[in-house]
Structure formats: C-alpha cells, structure tokens
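Data first, discussion second: the structure below is written as structure tokens.
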Amino acid sequence: MVQPSRSKSGSSPSGTSVSGRAWLMLALATVGFAVNFWAWALLSPLGPRFKDSLDLTSFEQSLLVAVPVVVGSLGRIPVGALTDRFGGRVMFPIVSAVTIVPVLYLGLAGHSSLAALLVGGFFLGIGGTAFAVGVPLVSAWFPPERRGLAIGVFGAGMGGTAISALTTVKLVDANSMSTPFLITTAVLAVYAVAAALLLRDAPGRTVPTAPLTRRLAATARLGITWQASALYAVAFGGYVAFSVYLPTYLKTGYNLTQADAANRMAGFVLLAVAMRPIGGWLSDRTGPVRVLAGALTVVVAGAIVQAFTPALAPVGTTAFLAMAAALGAGSGATFALVALRTPADQVGSVTGVVGAAGGLGGFLPPLVMGSLHGEYGTYAAGLALLAAVAAAALAFTLTAVRAASEGGERKPRTGSQSEHRTAGTTAQGRAARADRNEGQGEGQCASTAAASRWRR
C-alpha cells in the first residue's frame, strides 16, 4: 500500500487548505449527532424502572430497549440515501425536528404501558439515523487527506448516549418521569432551528439523479459497502455491546455495585469516544488498513486476557481500557476507509448500510454472553468467541480489504465518479499534518478522564 509522503513545508502535499466554514459545519454536525443520539438512548437507562413499575418480563424489557436501536440502525439506510439526494442542510433539521414528536409523547403520555412505550420507542429510532446524515455532510466539506480526522471528530458525537446514561435516571429521581424528555425536547428544538439557519452543504456537492431504489442497488454492488459493514459490525458493534452489557458483566463477574459498574462503563465509553477521532487522524497519516489491523490486534489480545477473568486491578482494567481504545480507533478508521473509497454521490447510501451493520452488530453479543454464562456459569466462552471474531476480521483486513485498497490506488479510472474514487484512494499516500496536536490533545484529556473512572 502506498504510504503517506511528507512535504518539506509540512503542509498537505495537495496544498489543499480547510476553510473555517468547514470546521463550523463539522462542529454543527457533531453537536447534532450528539443531541439526536442523546434522544435515541433515553429509554435504555429507564429499562429497569419500567420493568418494576409495569411488571415486565426480562424479554419485554429487552424488547423495549432494542426497538429504538434496531429502527435507528435500519433507518440509516434510507436516510443515508435521502441525504445523498437532498443534502445534510435539509435532512439534519428534519431528523431533529421529527425526533421531538416521540420524545414528547414518551415524556408526557407514552410511559404508562408497554404498548405505548413500544410505539414511542419505534419512532424514537429516527434519532439514531442522524449518523447517516452527518457523515456525507462532513465528508463533502473536507479534502480526502483530512476526512479521516473530520469524520472521526463527528463520530465522537456518539457520546450522546453517555449523556443519556449519566443524566436520565438522576433527572427522573430529582424531578419527574417527564423531566429528561422535556429537556431533550428543548435541546432538539434549539438545534433544529440552529441547523436550519446555519448548516450548509459543501459547494459543488455531487447530487445523484437516479431513483432511490436504483441508487441503493448500486450501493449494494460496491465492494466497500460490504467490507466496511463487516469491519464496523465488529468495531462499533463491539463498542455498543460493551456499553450495553459491561455493567451486568462487572456486577456478575466481579461483584461490583451497580453504581461502581456504571461508572466504569462510563469510563469505557469516554475512552472509546475519544479514540474515534484519533483513529481517523491516524488513518490520514498511515492509512485506514494499518489502523484497523492494529486496533483488531489489540481487541484479540484484550479478549484473550479477559477470558481468564484476571483480577480487575490492574490486569482486567487494562484489558478493558485497551479494548475500548481499539474499538473507538477502529470505528474511526472504518469510516476513513469509507470516505476514501466511496464515490462522492454515494457516501450517504454507503454510510447508511455500514451504520446499520454497526448498530445491529452490537446486539447479538450481549445475548450470546448471557446465554453462555447461563449455560456454563462463566463469561470465558463469550470472550473467547469475541477474540475469534476479531481475529477473523483482522485476517479479512490484511487480505481482502488491503488488496482492494491497493488495487484502487494503482488502477487508473475514467469518468467523474472514478476520478473521485482515485483521488480518495491515493489520498492514503498523503500526510495530514495540520491539526495533529489538537486531535492528540482531545484524546489525551478524555483518556485521562476515562482511566480515572476505573482507578480504585
């Protein structure tokens, strides 16, 4: 694979600068992603409370939490395609405004029965589709050699789920059931208005003219769609799985209190969120394939170590934080790969499919872990299975994904779409040296905060 070259001046070899407006659009998109993900995750922290108040079974509680996630994941496919057509300037305010409706419904009237919660949760899934709006918006504003960092920074908006996890139950206890929903509604409304007034699509954005079904069919024929989907199902799916199941694992496996387990889960989430932009930044410098290979190697090692259930301090803590960092960096590298190898007018469609794979990839592991623990009384088999899946993804990265990336760099292409893809793939051979310290500083601060939550 062609490696990045450094210019004597230390600037991008292409000489392409990034405007202040591009960074403003990135900031607006990241805030919108975080706010919509905050809304998307409102039901999960309240699951145990609804189980007690409505006398739900374990399956009904799981269904209640799963519905918005599944809808949000699958909904990214059409929303991504619509973003290709209409642009993020139109889609971000619409998604944010429409999400207000189920949030208000759940806060004011929709929490009195399971049926009402499921209806509200179904439409709450719309908030989870914001990811498929932001990636093509951000990608269009940045040159190929900066897209890894830019999309990684945008991806840090997934920390909106941590906002929900840390505030929802506290707000309900301090006030009423409607309080977190009303606050989220107000924030969504403010953001929808701000996005409508300030958000802009990149000049010269490529707009597809083919019908939606034809564009989705074309997306399915792209190799990058399925390669990135497989990798994101492991990287982001692993993050989702741990963020959902880690408190249960720590409480059961290490006899921690619920509060202690929740704090450690928050540390895991913070570190993964911080490492996502760093994974994108590293991809700009060394190429996404190398970053993915390194991240997956760390996941394999961490899962093998943890399969032996070592003492939580320091070995267990180190293993979990290493996996958090690797999963975050791997998620950022996956979308750096998407940005480099996807035609400009199909970024939204590909993002929708890949994002859906990542979201859905996070719900099978908790079910498997729970089943295996119930059968054998240990989590070792589940963690060994994680190591095996990560090893398979590593082998896939070093063979098929690497070959496709190198082939894309060497093969001449014709036509406007081919020119875009060639520019993207050859950008793996460029250095993105600007803003390097900023990306590192952000990751170091959040990494310190994450580690402190695991310190005894």
Checklist entry - Sub-3.5 Å donor-acceptor pair from the side chain of R147 to the main-chain atoms of A336, do we have one? => result no

Item to check | All ring-ring contact (aromatic ring centres under 6.0 Å, His included) counterparts of Y239, not counting sequence neighbours | outcome: F236

Checklist entry - Would a distance-only check, ignoring hydrogens and angles, find a side-chain to backbone donor-acceptor pair under 3.5 Å from D84 to G348? => result yes

Item to check | From CA spacing to verdict: side-chain contact (heavy atoms from CB on, under 4.5 Å), L231, F396 | outcome: CA-CA 9 Å; L231 295 172; F396 180 62; 4.3 Å; yes

Item to check | Note, L256 side chain near R264 side chain (heavy atom, < 4.5 Å) | outcome: yes

Checklist entry - Does the side chain of L337 reach to within under 4.5 Å of the side chain of S405, using non-hydrogen atoms? => result yes

Checklist outcome for this item: Smallest heavy-atom separation, S349 atom then A81 atom, equals OG-CA, 3.5 Å

Item to check | Test log, rule side-chain contact (heavy atoms from CB on, under 4.5 Å), inputs I163 and F37 | outcome: CA-CA 9 Å; I163 298 176; F37 256 43; over 6 Å; no

Checklist entry - Nearest 0.5 Å, what's the CG-OG distance between L149 and S283? => result 10.0 Å

Checklist entry - Do the two ring centres, one from F33 and one from W40, sit under 6.0 Å apart? => result no

Item to check | Ring-ring centroid check F154 F335, cutoff 6.0 Å | outcome: no

Next on the checklist: Under the side chain to side chain donor-acceptor pair (under 3.5 Å) definition, can you give me all pairs with a residue in residues 180-192, not counting sequence neighbours?
Outcome noted: none

Item to check | Minimum side-chain heavy-atom gap F131-S73 below 4.5 Å | outcome: no

Item to check | Interatomic distance, R205 atom CZ to L137 atom CG [nearest 0.5 angstrom] | outcome: 9.0 Å

Checklist entry - When rounded to the nearest 0.5 angstrom, what is the spacing between CG in L198 and CG in L28? => result 6.0 Å

Next on the checklist: Any non-hydrogen side-chain atom of W38 less than 4.5 Å from a side-chain atom of T167?
Outcome noted: yes

Checklist entry - Name the one of L82, T129, L188, T83 that satisfies side-chain contact (heavy atoms from CB on, under 4.5 Å) with V95? => result T129

Checklist entry - Does S139 reach the side chain of I151, with side-chain heavy atoms less than 4.5 Å apart? => result yes

Checklist entry - Within the side chain of R89, is there an N or O that forms a donor-acceptor pair under 3.5 Å with the backbone of A195? => result no

Item to check | Shortest non-hydrogen contact between P93 and G88, atoms and distance | outcome: CD-O, 3.8 Å

Next on the checklist: Determine whether R85 and V207 satisfy the following criterion, side-chain contact (heavy atoms from CB on, under 4.5 Å), listing intermediate values before the conclusion.
Outcome noted: CA-CA 6 Å; R85 178 65 180 85; V207 180; 3.7 Å; yes

Checklist entry - Side chains of L199 and M25: does their closest heavy-atom pair fall under 4.5 Å? => result yes

Checklist entry - At their closest point, which heavy atom of A319 faces which heavy atom of V305, and how far apart are they? => result CB-CG1, 4.3 Å

Item to check | With sequence neighbours excluded, residues passing side-chain hydrogen bond (donor to acceptor under 3.5 Å, both in side chains) with T318 | outcome: none

Residues 268-279 side chain polar contacts: donor-acceptor under 3.5 Å, at least two apart:
from: R276; atom 1: NH1; to: Y232; atom 2: OH; distance (Å): 3.0
from: R276; atom 1: NH2; to: Y232; atom 2: OH; distance (Å): 2.9

Item to check | Pairs where residues 165-174 contributes a residue and the test salt bridge (Lys or Arg N to Asp or Glu O under 4.0 Å) is met, not counting sequence neighbours | outcome: R49-D173

Item to check | side-chain hydrogen bond (donor to acceptor under 3.5 Å, both in side chains) partners of Y249, counting only residues at least two apart | outcome: Q306

Checklist entry - Hey, does V172 have a side-chain heavy atom less than 4.5 Å from the side chain of F181? => result no

Checklist entry - Do side-chain atoms of T342 reach the backbone of V338 as a donor and acceptor pair under 3.5 angstrom? => result yes

Checklist entry - If every non-hydrogen atom of G121 is compared with every non-hydrogen atom of V67, which pair is closest and at what distance? => result C-CG1, 3.8 Å

Next on the checklist: List the residues meeting side chain to side chain contact (heavy atoms under 4.5 Å, CB included) with L64, not counting sequence neighbours, and say none if there are none.
Outcome noted: L43, F50, L56, L117

Item to check | R215 vs Q346, side-chain contact (heavy atoms from CB on, under 4.5 Å): CA-CA, chis, key distance, verdict | outcome: CA-CA 8 Å; R215 285 188 283 122; Q346 291 179 276; over 6 Å; no

Checklist entry - What residues form a side-chain hydrogen bond (donor to acceptor under 3.5 Å, both in side chains) with T225, not counting sequence neighbours? => result none

Item to check | Side-chain (W281) to main-chain (R146) donor-acceptor, under 3.5 angstrom | outcome: no

Next on the checklist: Under the rule for side chain to side chain contact (heavy atoms under 4.5 Å, CB included), what residues qualify as partners of L74, not counting sequence neighbours?
Outcome noted: V70, L360

Checklist outcome for this item: Looking only at heavy atoms, the pair that brings L340 and P144 closest together is CD2-O, 3.8 Å

Item to check | Partner residues of P45 under the side chain to side chain contact (heavy atoms under 4.5 Å, CB included) criterion, sequence neighbours left out | outcome: S164, T168, V169

Checklist entry - OH of Y105: more than 12 outside heavy atoms within 6.0 angstrom? => result yes

Next on the checklist: For a 4.5 angstrom cut-off between non-hydrogen side-chain atoms, does L292 reach T334?
Outcome noted: yes

Checklist entry - Can you list the residues that meet the side-chain hydrogen bond (donor to acceptor under 3.5 Å, both in side chains) rule with T397, with sequence neighbours excluded? => result none

Item to check | Heavy-atom pair of closest approach, residues D284 and G148 | outcome: OD1-N, 2.9 Å

Checklist entry - Residues two or more places apart in sequence or in another chain: which of them pass side chain to side chain contact (heavy atoms under 4.5 Å, CB included) with I77? => result L216, V353, A356

